[in-house]
Undergrad: 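I have a structure I would like to understand better, so I am pasting it below and will then ask my questions one at a time.
Atoms within each ligand, like the ligands themselves, are counted from 1 in listed order.
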Amino acid sequence: MSTPPGPSQGPGKLNAGAAKAFPHIDLDGHDLPPSPAPSSPRNGRKYALATELVYTESKDQYGASSMPIYQSATFKQTSANGGSEYDYTRSGNPTRTHLERHLAKIMNAGRALVVGSGMGALDVITRILRPGDEVITGDDLYGGTNRLLTYMATNHGIIVHHVDTTIPQRVKDVVSRKTAMVLLETPTNPLIKIVDIPSVAKIVHEMNEKALVVVDNTMLSPILSNPLDLGADIVYESGTKYLSGHHDIMAGVLAFNDPAIGDKMYFTINSTGCGLAPNDAFLLMRGIKTLAIRMEKQQSNAQAIAEFLESHGFRVRYPGLKSHPQYDLHWSMARGAGAVLSFETGDVALSERIVEAARLWGISVSFGCVNSLISMPCQMSHASIDAKTRKERQMPEDIIRLCVGIEDVDDLIDDLSRALVQAGAVTVTLDGFHAKGAAEAIAQIPIEESDAEASTS
Ligand SMILES: Cc1ncc(COP(=O)(O)O)c(C=O)c1O
Ligand SMILES: N[C@@H](CCSC[C@H](N)C(=O)O)C(=O)O
């Protein structure tokens, strides 16, 4: 275990003494310079999350109200045997530690760590797998996650089961003593299906107490969900999305309660050098402070847009709509619906015309940004899932994903309406307009019915 954080006694003899009292023997048995102290988020009063996001404490020597960027690769030691809290930024950096402690607090975690991207976080997690280990994951999940797992299955002897994790029984059918990890995403990207985290975690832990339940919380962020409180062992997310909120950095976050898991993850981050750089840690910290207010606006915009599309005859996937077949399940776990929704038109070329006709909605991958984005997942974010697999998993090629930002909602609806009309997706009448042709036909099929056929094991 890493040494616990001590009072700020300044570097030197006291810390060197502490290092001797708590020698840090790493997983390879080496006694290396100390890692940064683990986060200690639970000191003092706990405020509401919106307050905790902006409230931070640091022991800056000048009382800086914003944590300074320690843009330094190395830290001078005061004694020949090292022993100061920081020695080298790959191993630890004060700006990064400050962010990690803040994240642990808002993620309700014992410890949080930050790395260079969301995929970097998953890479750190999956390095605990050994050849022969089995991973159970969804049949609708982010394309990059699918790509990394496929790589591991092909090259590292990991066995990956893709099942419909929205049906807990499907997980139960494949979980065994060989299961090392169950990797969940909810809502799924891009089909917006909901996974019952508590039920799946219970099944998995009852059948194999060593199996780790890992949840990708990117689609909701800690403002809306804390998967560790729902039974997950590890939660990770892309800080590139809601946490930073401006699409100006890449970042990944990992959080856990078990100190042994935290130590393993820290060991990998230090060994591979994927820790978040100080400048990006500063930007992520700044972004987090406005998470609550951004999400509030993004969500209310997303709700209005989902209702607008549904009322005009489109089949919309969004957990804020009562028509979502897992509406109650979602709200039993989360504090909001998020700001990503998808809808279908029944025709790939028509969807392309809609996307290209939009002006205010930027054609871009990613989500969680203050700007609204429109994309076709099968051709963009999920293009790394090959066409055959997409077909097997019944991913609609025409699906359009909307990632809603903080603009004026009337402007967003106006731009979308114009794009739908220009693309020929709607029949215009004196009373307004309505989805036409295939889009309308699809809207008649309840989501439950068509998705039941899509469930594979
Ligand atoms: C659900 C989800 N998880 C993880 C990632 C990976 O995050 P990053 O792009 O920061 O590597 C993404 C998007 O990229 C995502 O959509
Ligand atoms: N070219 C990238 C695509 C990134 S997709 C980003 C995001 N997760 C999303 O869902 O839009 C790649 O190959 O990873």
Undergrad: List the steps, then state whether side chain to side chain contact (heavy atoms under 4.5 Å, CB included) holds for Arg96 with Val114.
TA: CA-CA 7 Å; Arg96 190 157 80 216; Val114 289; 3.4 Å; yes
Undergrad: Give me the ring orientation class for His102 and His98: parallel if the planes are under 30° apart, tilted from 30 to 60°, perpendicular past 60°.
TA: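 Judged by the thresholds at 30° and 60°, the geometry between His102 and His98 is parallel.
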Undergrad: Identify all pairs of nitrogen or oxygen atoms, one from ligand 1 and one from the protein, separated by less than 3.5 Å, and list them with distances.
TA:
{"unit_1": "ligand 1", "atom_1": "3 (N)", "unit_2": "Asp216", "atom_2": "OD2", "d": "2.6"}
{"unit_1": "ligand 1", "atom_1": "3 (N)", "unit_2": "Thr218", "atom_2": "OG1", "d": "3.4"}
{"unit_1": "ligand 1", "atom_1": "7 (O)", "unit_2": "Ser238", "atom_2": "OG", "d": "3.1"}
{"unit_1": "ligand 1", "atom_1": "10 (O)", "unit_2": "Gly118", "atom_2": "N", "d": "2.9"}
{"unit_1": "ligand 1", "atom_1": "10 (O)", "unit_2": "Ser238", "atom_2": "OG", "d": "2.7"}
{"unit_1": "ligand 1", "atom_1": "10 (O)", "unit_2": "Thr240", "atom_2": "OG1", "d": "2.6"}
{"unit_1": "ligand 1", "atom_1": "11 (O)", "unit_2": "Gly118", "atom_2": "N", "d": "3.1"}
{"unit_1": "ligand 1", "atom_1": "11 (O)", "unit_2": "Met119", "atom_2": "N", "d": "2.8"}
{"unit_1": "ligand 1", "atom_1": "14 (O)", "unit_2": "Tyr142", "atom_2": "OH", "d": "3.3"}
{"unit_1": "ligand 1", "atom_1": "14 (O)", "unit_2": "Lys241", "atom_2": "NZ", "d": "2.9"}
{"unit_1": "ligand 1", "atom_1": "16 (O)", "unit_2": "Asn189", "atom_2": "ND2", "d": "3.1"}

Undergrad: Of the protein's non-hydrogen atoms, which lies at the shortest distance from atom 13 (O) of ligand 2, and what is that distance?
TA: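 For this ligand atom, the closest protein heavy atom is Arg147 NH1, 2.9 Å.
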Undergrad: Is a side-chain donor-acceptor pair under 3.5 Å present for Ser72 with Tyr86?
TA: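 Absent: no donor and acceptor within the cut-off.
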Undergrad: Minimum heavy-atom separation for Ala292 to Ala50, with atom names?
TA: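 Minimum heavy-atom separation between Ala292 and Ala50: CB-CB, 4.0 Å.
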Undergrad: Can you confirm whether some protein heavy atom lies under 4.0 Å from atom 2 (C) of ligand 2, or whether none does?
TA: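 No, because not a single protein heavy atom sits under 4.0 Å from atom 2 (C) of ligand 2.
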Undergrad: For atom 4 (C) of ligand 2, what's the nearest protein heavy-atom neighbour? Residue, atom name and distance, please.
TA: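 Going atom by atom, the protein heavy atom closest to atom 4 (C) of ligand 2 ends up being Tyr142 OH, 3.3 Å.
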Undergrad: Could you give all pairs that pass the salt bridge (charged side-chain N to carboxylate O under 4.0 Å, His left out) test and reach residues 370-391, with sequence neighbours left out?
TA: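 Sorted pair list: Lys388-Glu392, Arg390-Glu397.
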Undergrad: For Arg401, which part has a heavy atom under 4.0 Å from ligand 2: side chain, backbone, both, or neither?
TA: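 For Arg401, the contact with ligand 2 is made by the side chain alone.
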Undergrad: How far apart are the closest heavy atoms of Leu243 and Leu291, and which atoms are they?
TA: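 It is CD2-CD2, 4.0 Å.
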Undergrad: Determine, for Asp139 against Lys193, whether the closest basic-nitrogen to carboxylate-oxygen distance falls under 4.0 angstrom.
TA: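 Salt bridge flag = yes for Lys193 with Asp139.
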Undergrad: Not counting sequence neighbours, which residues clear side chain to side chain contact (heavy atoms under 4.5 Å, CB included) with Gln303? List them please.
TA: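 Applying side chain to side chain contact (heavy atoms under 4.5 Å, CB included) to Gln303 gives Glu307, Tyr318, Leu321.
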Undergrad: Would you say ligand 2 has an N or O under 3.5 Å from any N or O of Ser366?
TA: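 Yes, at least one N or O pair falls under 3.5 Å.
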Undergrad: Taking NZ, NE, NH1 and NH2 as the nitrogens, is one of them in Asp123 or Arg127 under 4.0 Å from a carboxylate oxygen of the other?
TA: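 Judged by the 4.0 Å cut-off on N to carboxylate O distance, Asp123 and Arg127 do form a salt bridge.
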Undergrad: Should the proximity of Asn189 to ligand 2, defined as any heavy atom under 4.0 Å, be assigned to the side chain, the backbone, both, or neither?
TA: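 Just the side chain.
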Undergrad: For residues 210-236, which residue pairs pass the salt bridge (charged side-chain N to carboxylate O under 4.0 Å, His left out) check, not counting sequence neighbours?
TA: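 Counting only pairs at least two positions apart or across chains, no salt bridge (charged side-chain N to carboxylate O under 4.0 Å, His left out) contact touches residues 210-236.
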Undergrad: Any protein heavy atom at under 4.0 Å, with atom 11 (O) of ligand 2 as the reference point?
TA: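 Neighbour list for atom 11 (O) of ligand 2 includes protein heavy atoms (cut-off 4.0 Å).
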Undergrad: Counting each atom of ligand 2 from 1 as listed, which ones have a heavy atom of Lys241 under 4.0 Å away?
TA: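 This gives 7 (C), 8 (N) as the contact atoms.
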